[in-house]
Amino acid sequence: MKNKIEELLNEIETFAAESSESVEEFRIKILSKKGKVTELFAEFKSVAPEMRKEVGEMLNELKNKAQEKVNALKEKFKYKEDGGKSSLDLTLPAELVAMGSRHPLSIVRNQIVDIFSRIGFTISDGPEIEDDWHNFTALNTPADHPARDMQDTFYLSENPDIVLRTQTSSVQVHVMENTKPPIRTISPGRVYRNEAISARAHCQFHQVEGLYIDKGVSFADLKQALLYFSKEMFGEETKIRLRPSFFPFTEISAEMDISCPFCKGNGCNICKGAGWVEILGCGLVDPAVLENCKIDSKIYSGFAFGMGIERITMLKYQVKDLRLFFENDMRFLKQFNAVI
Ligand code: DAH
């Protein structure tokens with residue numbers, strides 16, 4: 001019995017087919033109901049009990065080998081005879097690869113950068129871990145200044161001179177310290193404040209700071225740059241409105257509203273009936289700030305502005321809860337698929 005199995009195994013292994021017909025003949029001869037393998041299985045009944053385990057294993061292996069051989073040969077001839085069409089269709093469209101999408105905050109950040117770079121603003125960067133000078137003191141906010149209370153700050157307990165920056169205005173200082181005017185730059189980045197997390201506040205968020213320093217820069221230049229930005233961001237029909245305000249580093253200072261992009265100024269629940277929504281703070285750079293950064297305020301003047309990226313994004317996409325931006329919930333993130 002063992003010899004028969006070995007002989008048949010040899011026959012199977014050495015078999016070479018010329019066509020799919022000869023493969024089929026081979027299959028019938030070996031594997032069909034009256035085939036040689038089936039015959040050997042029938043003979044298995046007469047094998048002595050002590051030999052059964054070994055012979056049984058050999059038989060099973062034989063059957064598997066025969067089946068594998070037939071399958072491989074069938075595949076080979078199928079491919080040869082139909083030019084590979086049935087198993088490989090090169091005309092089929094490729095399967096789409098699932099693509100990720102940008103985070104809504106990145107989309108809006110990129111739009112803001114794009115809009116300002118079209119009017120000659122460069123991008124500048126600064127550290128998120130900042131010293132007191134760049135975050136406060138150089139910006140006209142000395143230690144005892146009441147305006148420090150406007151921004152609840154994370155201080156390092158070992159060294160209270162080191163803070164997590166509360167505003168990207170700190171980048172202004174770095175740029176002015178290191179660049180000779182004219183300066184025209186925007187600085188997008190992450191900022192931190194010690195705030196309780198709610199639908200409207202978070203301990204981390206993003207801002208874009210803008211700075212323009214040159215000879216004879218006026219408030220009219222500021223207004224024009226911000227009007228251009230607002231129209232590009234929210235649509236050609238957008239109007240702006242500047243209200244007097246206070247920031248330590250600008251003199252004069254203002255807050256800017258845009259006409260509500262949803263009701264076009266008629267009043268709706270987004271603008272709470274006002275027709276206007278606040279989007280940024282701005283002003284003419286205080287001469288004391290220029291001097292702190294070794295820029296001669298008798299020769300140069302400038303404007304600055306700062307806006308929250310979350311705020312703009314919430315307005316653009318009508319997102320009602322700030323926390324959604326930081327939770328990485330795919331159901332939320334999948335809705336934003338701009339590839340810019
Ligand atoms: N840094 C201010 C804030 O975080 C925003 C700001 C207001 C920036 C007026 C400016 C500015 O450059 O001129 O609230």
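In each ligand, atom 1 is the first atom listed, and ligand 1 is the first ligand listed.
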Enquirer: Atoms of ligand 1 less than 4.0 Å from Q167 heavy atoms?
Expert: 1 (N), 2 (C), 4 (O)

Enquirer: Would F15 and F26 count as a close aromatic pair, with their ring centres under 6.0 Å?
Expert: yes

Enquirer: Centres of the F229 and F121 rings: under 6.0 Å?
Expert: no

Enquirer: Just jot down the ligand 1 atoms closer than 4.0 angstrom to any heavy atom of Q172, in number order.
Expert: 12 (O)

Enquirer: Checking side-chain polar atoms at under 3.5 Å, does Q207 have a donor or acceptor matched by the opposite partner on Q167?
Expert: no

Enquirer: Does only the side chain of E209 get under 4.0 Å from ligand 1, or the backbone, or both, or neither? Count heavy atoms.
Expert: side chain

Enquirer: Examine the side chains of E195 and H202 and answer whether a donor and an acceptor come within less than 3.5 Å of each other.
Expert: no

Enquirer: Need the ligand 1 atom indices (1-based, order shown) with element for anything under 4.0 Å from a heavy-atom of S169.
Expert: 1 (N), 8 (C)

Enquirer: Could you check whether any heavy atom of M307 sits closer than 4.0 Å to an atom of ligand 1, since that is the contact criterion I want to use?
Expert: no

Enquirer: How many angstroms lie between atom CZ of F246 and atom CD1 of I252, to the nearest 0.5 angstrom?
Expert: 13.5 Å

Enquirer: Check each atom of ligand 1 against the heavy atoms of T250 and keep those under 4.0 Å away; list them by number with element.
Expert: 13 (O)

Enquirer: For a quick check under 3.5 Å, do S187 and S124 share a side-chain donor-acceptor pair by atom type?
Expert: yes

Enquirer: Honestly, is R102 close enough over F336, meaning NZ or CZ under 6.0 Å from the six-membered ring centre and within 45° of the axis?
Expert: no

Enquirer: Over all heavy atoms of both residues, which pair between F136 and T153 is shortest? Give the atoms and the distance, please.
Expert: CZ-OG1, 3.4 Å

Enquirer: At under 4.0 Å between heavy atoms, is it the side chain or the backbone of F249 that contacts ligand 1, or both, or neither?
Expert: side chain

Enquirer: Give the atom numbers and elements of ligand 1 that come within less than 4.0 Å of a heavy atom of Q207.
Expert: 3 (C), 4 (O)

Enquirer: Should you measure from each heavy atom of G283, which atoms of ligand 1 turn up under 4.0 Å away?
Expert: 13 (O)

Enquirer: Give the contacting part of E251 toward ligand 1: side chain, backbone, both or neither, where contact means a heavy-atom distance below 4.0 Å.
Expert: neither

Enquirer: If only side-chain N and O atoms count, and only distance matters, is there a donor-acceptor pair under 3.5 Å linking T238 with S259?
Expert: no

Enquirer: Between A304 and ligand 1, which part of the residue brings a heavy atom under 4.0 Å of the ligand: side chain, backbone, both or neither?
Expert: both

Enquirer: Any heavy atom of R193 closer to ligand 1 than 4.0 angstrom?
Expert: yes

Enquirer: For ligand 1, which atoms sit closer than 4.0 Å to a heavy atom of G281?
Expert: 7 (C), 9 (C), 11 (C)

